[in-house]
Amino acid sequence: MCGITGWVSFEADLTHRGDVLDAMTGTMACRGPDGSGTYVRTEVGLGHRRLAVIDLPGGAQPMTVSTPAGDIVLVYSGEAYNFQELRDQLKALGHPFRTDSDTEVVLRGYLQWGESVVDHLDGMYAFAIWDGRDRRLLLVRDRMGIKPLFYYPTPDGVLFGSEPKAILANPLVRKAVDADGLRELVAQTKTPGWALWKGMHEVVPGTLINVDRGGLRERTYWRLSAVEHTEDREGTVARVRELLTGIVDRQLISDVPQGVLLSGGLDSSAITGLAAQRLGLRGEQVRSFSVDFVGQEKNFVPDEMRETPDSPFVRDVAAHVGSAHRDVMLDPSDISDPAVRRATVGARDIPNGFGDLDSSLYLLFKAIREHSTVALSGESADELFGGYPWFHHPDALRGDTFPWMMFIPPMSLAARTDHIEPGLRARLDVAAYTADQFATARAQVEYLDGESEFDRLMRMTSHMHLTRFVRGLLDRKDRLSMAVGLEVRVPFCSHELVEYVYNTPWAMKSFDGQEKSLLRQAAAHVLPRSVLERVKSPFPSPQNPGYAAHLQQQVKELVAEPDAQVFALVDRAWAQQIGSQDPAAMTMAVRSNVERTLDLHVWLELHSPELLLD
């Protein structure tokens, strides 16, 4: 896992701008603590930071193959899980190999198949190839958007990077944010291609972009398609079990220590159980890691999102599979620490307002990194198998907006924006923006002839989650893990599994009336009964009132700053009111807006953006 960046300019001589390329590359040192490299020629500069996972001595980048017509150079982030099979195939076709890395497999694959190499890859990846033979740059992102990649067109070329901060380090970039960027930031509809910064774009998952003197051309190489499902329930369960077992087995390939994220929920427990089974066949023990909060289990009170604490289920799974388990215990001062907030906002480049969810995940990853370099996670199972409560809520499914809007957080759109400065709130008109995005997302769904109205509804809901909702969670997981040099792999995002389960009728996904019953059956052989029967519970959040008190104190300090730039975006009167309330009475909705405010404040300090609000 790594960080990549680059600059293509068809009018300038970049051999004199190596300092800028070094600065761009240096912004991603956390993504690649094990090595750094650059490639600079007249029209192109490529930078790479390496986190060594496969072939530790041989996978240095940028990686180059020289031909009589010009160099072909690759900078690559991610993992191709089928690289061993592809290497054998390419060797049979006559390709020599100098290393055992998957990076060289991708490069040789490009030499053999051109940009169609993407059709051969199974994995998570974002990469750029400079083809000196025709002076062309190719940008590629994996099908599900597991690995991030951004670009910024310039008058004579393009800038790109794994993270916006790499692009922002180039003096050509105007560090500005306009109303369009802020609308999506507030709405959080995960509009494909959005990148907050004016003029910057995210490479849409499943697409590739060619850049040459003629400009930029985008092509979609993969999308979710409607395909008839022909297997019965028993065959479907067996196929899901077979796919998951093979996927986990491939994703356990690593030359460095690895582990599994374990929350005690169905998704992470299934991955832990399968990993324990596969590693056991090699005579190895799986390592598992969980996050918890001081006093959480003892003082737990059920709420609208969480019926039970995680700890008892974590212990059940660890005992059932025999994992070497570690709990990472946090208290309110840990997750409310301004230094931790600064680290998370800096890692994500955007003030997303996830608050304690970001802080606790970052601290969990930081603790895991002391023992492992790679970790497997259960991300995307809820989107794929229909695990969220709104999948089973008729009003949410048949509403006129994205289903999750009724639940995260559980409040109206008006309540989610009441911290915004009133004049700005009116100009943003987030309600109209959200409605437009919902209509766009709905129009992109492909259906089968003869599908019932209900099956069409559930296909649409699944499509929105797999093409929008999960992308925000994947970006979050990548940024916070790579901020501490940890590679997180997500087996449920394997495109082969996604294609199969997406096209499985809803009746098979919930055949026993419980969410994700298809997954429960497929993973039953590796799970304790307690987890098999557990109701869906999201990532843990602290119930300790001390956390709200810390947030309130920070808001008071912010209001006391007469020149705080955040009040160009946030209503100062609202913040003053929050500072005078009883922190014990702070609702989840209010806490979310407080966290958004504090994140905005940090983001403005870190980037000093030009705000184009008119």
Side-chain angles (χ1 to χ4, degrees), residues 2-51 58-77 98-99 101 103-104 106-108 110-111 114-115 126-140 148-175 197 199-201 203 208-217:
C2 308
I4 66 173
T5 190
W7 182 4
V8 171
S9 173
F10 293 105
E11 302 299 335
D13 182 356
L14 297 186
T15 58
H16 302 296
R17 305 304 304 272
D19 58 332
V20 176
L21 184 63
D22 287 343
M24 295 170 67
T25 306
T27 63
M28 297 182 297
C30 292
R31 294 187 72 92
D34 298 326
S36 178
T38 58
Y39 174 96
V40 183
R41 297 296 185 270
T42 301
E43 295 172 320
V44 61
L46 304 175
H48 185 264
R49 293 290 315 201
R50 187 186 184 207
L51 176 64
Q61 298 182 46
M63 190 172 284
T64 305
V65 171
S66 296
T67 76
D71 290 348
I72 297 102
V73 192
L74 170 70
V75 284
Y76 171 81
S77 169
R98 305 188 307 269
T99 75
S101 68
T103 303
E104 188 175 10
V106 175
L107 182 55
R108 292 286 171 182
Y110 175 78
L111 288 169
E115 64 183 40
F127 60 87
I129 295 177
W130 171 255
D131 193 331
R133 297 172 300 184
D134 52 11
R135 299 159 69 199
R136 177 174 60 96
L137 181 76
L138 177 68
L139 298 175
V140 178
L149 186 58
F150 298 84
Y151 68 99
Y152 185 96
T154 63
D156 70 336
V158 72
L159 305 169
F160 70 88
S162 292
E163 299 182 356
K165 61 175 63 70
I167 297 172
L168 295 172
N170 191 297
L172 291 178
V173 177
R174 183 184 182 187
K175 294 174 63 175
W197 300 93
M200 191 183 298
H201 310 275
V203 177
L208 51 84
I209 296 175
N210 277 287
V211 184
D212 57 22
R213 281 188 172 272
L216 282 72
R217 296 179 304 282

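Only this structure's heavy atoms are used, side chains among them; waters, hydrogens and symmetry mates stay out. Only a predicted model underlies this, so the values are computations on that prediction, with no experimental measurement involved.
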Next on the checklist: Could you walk me through whether Thr27 and Glu163 satisfy the side chain to side chain contact (heavy atoms under 4.5 Å, CB included) test, starting with their C-alpha distance in whole Å, then the side-chain angles of each, then the deciding distance to 0.1 Å, before giving a yes or no?
Outcome noted: CA-CA 9 Å; Thr27 63; Glu163 299 182 356; over 6 Å; no
Checklist entry - Arg98 versus Arg108: any side-chain heavy-atom pair under 4.5 Å? => result yes
Next on the checklist: I'd like to check Leu21 versus Leu14 (side-chain heavy atoms, cut-off strictly below 4.5 Å). Are they in contact?
Outcome noted: no
Checklist entry - For the atom pair CD (Glu104) and OH (Tyr76), what is the distance rounded to the nearest 0.5 Å? => result 13.0 Å
Item to check | Nearest non-hydrogen partners of Gly47 and Thr25, listed with the distance | outcome: CA-OG1, 3.4 Å
Next on the checklist: Is there a side-chain contact between Asn210 and Glu115 in this structure, where contact means two heavy atoms from C-beta onward sitting under 4.5 Å apart?
Outcome noted: yes
Checklist entry - Does Gly35 offer a backbone N or O that forms a donor-acceptor pair with the side chain of Arg50 under 3.5 Å? => result no
Checklist outcome for this item: Per side chain to side chain contact (heavy atoms under 4.5 Å, CB included), Tyr152 is matched among Asn170, Ile167, Val158 by Ile167
Checklist outcome for this item: Closest heavy-atom pair, Arg49 versus Ser36, reported as atoms and distance to 0.1 Å, is NH1-CB, 3.5 Å
Checklist entry - Looking at OG1 of Thr67 and CG of Asp131, how far apart are the two atoms once the value is rounded to the nearest 0.5 Å? => result 7.5 Å
Checklist entry - Hey, what do you get for CZ (Arg133) to CG (Leu111), rounding to the nearest 0.5 Å? => result 6.0 Å
Item to check | Gap separating the CZ atom of Phe150 from the CG atom of Leu159, nearest 0.5 angstrom | outcome: 14.0 Å
Next on the checklist: Please evaluate residues Tyr151 and Leu216 with respect to the criterion side chain to side chain contact (heavy atoms under 4.5 Å, CB included), reporting the C-alpha separation (whole Å), side-chain torsions for both, the decisive distance (0.1 Å), and the verdict.
Outcome noted: CA-CA 11 Å; Tyr151 68 99; Leu216 282 72; 3.6 Å; yes
Checklist outcome for this item: On a heavy-atom basis, the closest approach of Pro171 and Arg17 is CG-NH2, 3.9 Å
Item to check | N/O donor-acceptor pair under 3.5 Å between Ser162 side chain and Ile4 backbone | outcome: yes
Checklist entry - Which atoms form the tightest heavy-atom contact between Thr5 and Ala166, and what is the distance? => result OG1-CB, 3.7 Å
Checklist entry - Which of these passes side chain to side chain contact (heavy atoms under 4.5 Å, CB included) with Trp130: Leu137, Val75, Leu74? => result Leu137
Item to check | Sub-4.5 Å side-chain heavy-atom contact between Leu51 and Pro33 | outcome: yes
Checklist entry - So do Ser9 and Thr154 actually touch side chain to side chain, heavy atoms under 4.5 Å? => result no
Item to check | Check: Tyr39/Asp71 side-chain N/O donor and acceptor closer than 3.5 Å | outcome: yes
Item to check | Pairwise side-chain contact, Ser77 with Gln61, heavy-atom cut-off 4.5 Å (strictly under) | outcome: no
Checklist entry - Does the side chain of Thr38 reach to within under 4.5 Å of the side chain of Asp22, using non-hydrogen atoms? => result yes
Next on the checklist: Applying side chain to side chain contact (heavy atoms under 4.5 Å, CB included) to Val65 and Leu107, what does each step give before you reach the verdict?
Outcome noted: CA-CA 8 Å; Val65 171; Leu107 182 55; 3.6 Å; yes
Checklist outcome for this item: Rounding to 0.5 Å, atoms CH2 (Trp7) and CE (Met24) come to a distance of 7.5 Å
Checklist entry - Is a salt bridge present between Arg213 and Glu11, judged by a nitrogen-to-oxygen distance below 4.0 Å? => result yes
Item to check | side chain to side chain contact (heavy atoms under 4.5 Å, CB included) evaluation trace for Ile209 with Phe160 | outcome: CA-CA 11 Å; Ile209 296 175; Phe160 70 88; over 6 Å; no
